[in-house]
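Nothing fancy with the numbering, it's 1 onward along the sequence.
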Amino acid sequence: MPLNHFLEYLELEKKYSAHTLTAYRTDLLAFTEFLISRYDLHDLTAVHYTQIRSWIIVLGEDGMSNASINRKISSLKSFYRFLQKSRQLEDSPLAKHRALKVPRKVQVPFSEAEVAQALEEMKADSFEGLRDKLMMELFYSTGIRRSELIGIKLHDIDLKNRLLRVKGKRNKDRFIPLLASVADTAEAYLEKRKAHECKESEGYLFITAKGVKVYETLVYRTINNYFRGVSSKLKKSPHVLRHSFATHLLNQGADLNAIKELL
């Protein structure tokens with residue numbers, strides 16, 4: 001069956017997690033059940049967009065948000081792209097579909113006082129304390145993304161010239177100046193880092209106490225934990241800190257285009 005082949009493809013070739021596979025399976029089975037009950041249609045390759053549109057309307061009438069509906073339709077899009085690649089289908093019924101509009105969430109930045117307090121309360125005398133402080137300072141003073149921070153290698157940081165090379169989207173490099181205070185934190189961290197260096201470190205700047213590269217959840221948890229005690233904002237993430245960097249620069253009169261270049 002096309003559906004089973006698609007799920008095998010996601011698991012074996014795309015290496016998707018069990019959680020992601022469950023989400024795809026749930027979405028596609030729900031759509032299959034809708035087709036059978038509404039149209040007595042069992043063949044997913046014979047679907048027309050009008051039938052998908054009917055499902056979208058039903059989901060909306062059931063109270064599902066546009067964001068959740070878009071996610072389900074994204075699962076269908078992936079499935080039909082697979083059918084096209086495997087030459088089981090010539091044209092996707094979703095070729096001309098446009099995602100439903102989703103209200104844009106307003107990112108509320110941390111205040112300058114909140115950032116200052118979070119930094120002040122960090123105990124930067126241990127390996128992990130210095131690592132966490134350097135993470136925080138880099139997010140706030142450079143505006144880099146979480147994935148960019150995780151990907152920084154030792155050779156990307158030039159303390160002598162106070163420059164940081166960051167590999168951004170589409171593997172495009174950009175060079176960002178470092179504040180003297182951030183360079184000082186980096187120097188202290190690098191000294192502590194030597195005791196945790198190992199083969200698994202692979203030359204990455206930020207590593208765990210066991211010597212392996214830090215991961216997304218750890219970075220998120222680090223920022224969230226430090227701001228939990230100083231901010232009442234609902235979202236406390238590296239992205240909010242990146243947004244705070246841009247907002248505070250703008251408030252201080254920095255040029256908008258210069259900020260965009262840094263970001």
Side-chain angles (χ1 to χ4, degrees), residues 7-24 115 118-228 236-242 245 262-263:
L7 294 172
E8 287 175 2
Y9 163 76
L10 296 182
E11 180 181 11
L12 302 177
E13 294 194 35
K14 301 292 284 186
K15 306 295 184 184
Y16 282 179
S17 68
H19 176 77
T20 302
L21 288 171
T22 298
Y24 272 98
V115 175
L119 286 168
E120 187 177 333
E121 293 186 3
M122 300 183 87
K123 295 180 181 179
D125 51 5
S126 64
F127 162 74
E128 290 186 338
L130 281 165
R131 181 200 64 195
D132 295 351
K133 184 181 181 184
L134 183 57
M135 281 185 190
M136 180 93 74
E137 289 183 341
L138 283 177
F139 277 132
Y140 184 58
S141 67
T142 68
I144 60 176
R145 300 176 179 86
R146 177 169 51 174
S147 60
E148 293 172 341
L149 179 134
I150 292 171
I152 297 173
K153 294 274 187 109
L154 291 172
H155 58 71
D156 291 326
I157 187 164
D158 180 355
L159 294 181
K160 182 180 179 181
N161 295 303
R162 297 214 296 265
L163 280 176
L164 176 68
R165 181 172 64 181
V166 173
K167 190 171 290 294
K169 292 184 176 180
R170 296 178 294 278
N171 288 323
K172 184 178 180 181
D173 286 343
R174 67 183 189 278
F175 291 86
I176 305 175
L178 295 175
L179 296 174
S181 58
V182 178
D184 289 343
T185 302
E187 187 174 8
Y189 164 69
L190 287 170
E191 187 62 35
K192 293 280 187 181
R193 184 187 176 284
K194 291 176 183 177
H196 301 272
E197 176 79 45
C198 66
K199 184 179 179 181
E200 285 72 24
S201 302
E202 300 180 279
Y204 285 100
L205 175 64
F206 289 105
I207 58 176
T208 69
K210 294 182 179 180
V212 299
K213 181 177 73 166
V214 297
Y215 44 94
E216 289 197 357
T217 306
L218 185 150
V219 177
Y220 174 86
R221 191 168 60 236
T222 297
I223 301 303
N224 185 273
N225 286 343
Y226 281 109
F227 277 98
R228 190 180 298 165
K236 307 173 185 69
S237 68
H239 185 71
V240 174
L241 200 48
R242 168 178 159 86
F245 156 80
L262 287 171
L263 293 172

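Under the 3.5 Å distance criterion, the side-chain polar atoms of Tyr220 are left unmatched by any main-chain donor or acceptor of Arg146.
Pairs engaging residues 128-139 under the side-chain hydrogen bond (donor to acceptor under 3.5 Å, both in side chains) rule: Asp132-Tyr226, Glu137-Thr185 [sequence neighbours left out].
Atoms CG and CG, on Leu164 and Asp158 in that order, are 10.0 Å from each other to the nearest 0.5 Å. To the nearest 0.5 Å, atoms SG (Cys198) and NZ (Lys210) are separated by 11.0 Å. How far CG of Leu119 is from CE of Met136: 5.5 Å, rounded to the nearest 0.5 Å. The line from CG of Asn225 to CE of Met122 is 10.0 Å long, rounded to the nearest 0.5 Å.
Contact between Ile157 and Ala186 at its shortest, heavy atoms only, is CD1-CB, 3.8 Å. Between Ser201 and Gly211, the shortest heavy-atom contact is OG-O, 2.6 Å. Heavy atoms only, all atoms of each residue included: Leu218 and Met135 are closest at CD2-CE, 4.1 Å. Nearest heavy atoms, Ser141 versus Leu179: CB-CD1, 3.9 Å. Tyr16 and Leu21 make their closest contact through O-CD1, 3.9 Å (heavy atoms, listed as atom of the first residue, atom of the second, distance).
Looking at heavy atoms from C-beta onward, Thr142 lies out of side-chain contact with Glu148 at the 4.5 angstrom threshold. Tyr189 places a side-chain heavy atom less than 4.5 Å from the side chain of Leu205. In this structure the side chain of Pro238 never reaches within 4.5 angstrom of the side chain of Leu149, judged on heavy atoms. In this structure, the side chains of Val166 and Asp156 stay at 4.5 Å or more apart for every pair of heavy atoms. Between Phe127 and Ile207 the shortest side-chain heavy-atom distance falls below 4.5 Å. For the pair Leu190 and Leu130, the minimum side-chain heavy-atom distance is 4.5 Å or more.
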What do the steps show when you test Phe206 against Leu138 for side chain to side chain contact (heavy atoms under 4.5 Å, CB included), and what is the final call?
CA-CA 12 Å; Phe206 289 105; Leu138 283 177; 3.7 Å; yes
How far apart are the C-alpha atoms of Lys153 and Arg165, what are their side-chain angles, what is the distance that settles it, and do they pass the side chain to side chain contact (heavy atoms under 4.5 Å, CB included) test?
CA-CA 9 Å; Lys153 294 274 187 109; Arg165 181 172 64 181; over 6 Å; no
Begin from the C-alpha positions of Ile152 and Ile144 and carry the test side chain to side chain contact (heavy atoms under 4.5 Å, CB included) through to its verdict.
CA-CA 11 Å; Ile152 297 173; Ile144 60 176; 4.1 Å; yes
Can Leu134 and Arg193 be said to form a side chain to side chain contact (heavy atoms under 4.5 Å, CB included), step by step?
CA-CA 12 Å; Leu134 183 57; Arg193 184 187 176 284; over 6 Å; no
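Residues forming a side-chain contact (heavy atoms from CB on, under 4.5 Å) with His19 (at least two apart in sequence, or on another chain): Ser17. Partners of Glu13 according to the side-chain contact (heavy atoms from CB on, under 4.5 Å) rule, which considers only residues two or more places apart in sequence or in another chain, are Tyr9.
No side-chain donor-acceptor contact under 3.5 Å links Arg221 and Asn224.
In Glu197, the CD atom is crowded: over 12 heavy atoms of neighbouring residues, nucleotides or ligands sit closer than 6.0 Å. Heavy-atom neighbours of Glu120 CD from other residues, nucleotides or ligands within 6.0 Å: at or below the threshold of 12.
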